[in-house]
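First comes the structure, then the notes that go with it.
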There are 2 protein chains.
Amino acid sequence: MKRNTWQREAVRDVLDSGDAFVSAQSLYSQLRDAGHAIGLATVYRALADLAGGGEADCLQSAEGENLYRACATGHHHHLICRKCGTTVEIKADAVETWAKTVAAEHGFTQAEHVVDVFGLCASCGSALRSIPPRQ
Amino acid sequence: MKRNTWQREAVRDVLDSGDAFVSAQSLYSQLRDAGHAIGLATVYRALADLAGGGEADCLQSAEGENLYRACATGHHHHLICRKCGTTVEIKADAVETWAKTVAAEHGFTQAEHVVDVFGLCASCGSALRSIPPRQ
DNA sequence: ATACTTATTGATAACGAGTCTCATTACGCT
DNA sequence: AGCGTAATGAGACTCGTTATCAATAAGTAT
């Protein structure tokens, strides 16, 4: 039987309180700093449960860290600020059908897809107006 | 000054000889098994160089491992078999413009995007015909 | 061909994210 | 309140990757 503990609630609360992707480690630090004596393993377990239950989205940062974010709605994609992590959910039916089509054209079945757009959000972008884009 | 060593060549050769994404670790094993006394660190360095120089593509597996694959052409995406790793390169101008548009609509600048499609290739798919799809 | 400079190598230590273990705790039911 | 057991948490552990640094060898000059 699934039980409700204050630890799970705490993790859920942190996720719900922000619209940016957070790593398990940083979420753990936040809770610790806030005075909650939660364990790291518990944070990982809670996040995995939330992601598995569809209450959170999970994506990998460029550094290979798993990042989580609250989300109740169905399948969608993300537009993520690579500076502050702020995220906008995107519905893109065109991309869904494109992915399915392109897979079928090459004989692939059971297609899933990873589609995320990274950039600088309006505020982070304007803060860097004088600095030339990297690369 | 950049120097040419047999180690770098060996790594490049392995990449060029296959059309599937490979991990640094497995590439290292392959070379070792083939009798080349190469060091693991060197493999990582060579792969990072190739990826940085545009000679290889890099993506992260679901387990967080970095996978590499030879590629000379410009920007493109991948259709990857999640069983055998076989990969097809995809050009998708529609997705490029979509990503740029969606970013602009939300005030995002310097947009990059991650677009990959995973599935089962024709041969892996037919091998599993009797087994129901997972999930 | 020989000497020399320094980029590259490689064994190994270090690091970091994430998982596993297992004794302890505490949720939810009766 | 009492009980069964899911959940917790400290720490050991795994594993991919990076850093260290002395030894090696590629490319150039002599």
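All heavy atoms count here, side chains included; hydrogens, waters and symmetry mates do not. Numbered from 1 within each chain, the chains take letters A, B, ... in sequence-line order.
- Heavy atoms of B:Arg45 sit under 4.0 angstrom from at least one base atom.
- The existence of a salt bridge linking B:Arg69 and B:Glu89 is confirmed by a sub-4.0 Å separation between a basic side-chain nitrogen and an acidic carboxylate oxygen.
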>> One pair to check against side-chain contact (heavy atoms from CB on, under 4.5 Å): A:Val117 and B:Phe108. What are the steps and the verdict?
In response: CA-CA 10 Å; A:Val117 182; B:Phe108 278 60; over 6 Å; no
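- Within the 4.0 Å cut-off from OP1 or OP2 of C:dG10, not a single side-chain nitrogen or oxygen of B:Arg32 is found.
- One can place CG of A:Leu67 at 8 Å from P of C:dG18, the figure rounded to the nearest angstrom.
- To the nearest angstrom, C1' of C:dA17 lies 11 Å from CD of A:Gln60.
- Rounded to a whole Å, the OH atom of A:Tyr44 is 17 Å from the P atom of D:dG11.
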What nitrogen or oxygen pairs link the protein and nucleotides 25-27 of chain D at under 3.5 Å?
from: D:dA26; atom 1: N3; to: B:Arg3; atom 2: NH1; distance (Å): 3.2
from: D:dA26; atom 1: N3; to: B:Arg3; atom 2: NH2; distance (Å): 3.4
from: D:dG27; atom 1: OP1; to: B:Asn4; atom 2: N; distance (Å): 3.2

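- Every residue two or more places apart in sequence or in another chain that forms a salt bridge (Lys or Arg N to Asp or Glu O under 4.0 Å) with B:Arg8 is listed here: B:Asp49.
- Comparing C:dG10, C:dC20, C:dG18 by their closest approach to the side chain of A:Asn66 singles out C:dG18.
- By the side chain to side chain contact (heavy atoms under 4.5 Å, CB included) test, B:Glu105 pairs with B:Thr101, B:Val102, sequence neighbours left out.
- Tested against A:Glu96 for a side chain to side chain donor-acceptor pair (under 3.5 Å), the candidates A:Lys91, A:His76, A:His75 yield a single pass: A:His75.
- The interatomic distance linking B:Arg8 (CZ) with C:dG10 (C1') rounds to 14 Å, in whole Å.
- Here B:Gln7 lies in heavy-atom contact (under 4.0 Å) with sugar-phosphate atoms only.
- Residue-to-nucleotide proximity on DNA chain D shows that, of A:Ile38 and B:Gln25, the 5′-proximal contact is made by A:Ile38.
- For the atom pair CG of B:Asp57 and OH of B:Tyr68, the computed distance is 11.5 Å after rounding to the nearest 0.5 Å.
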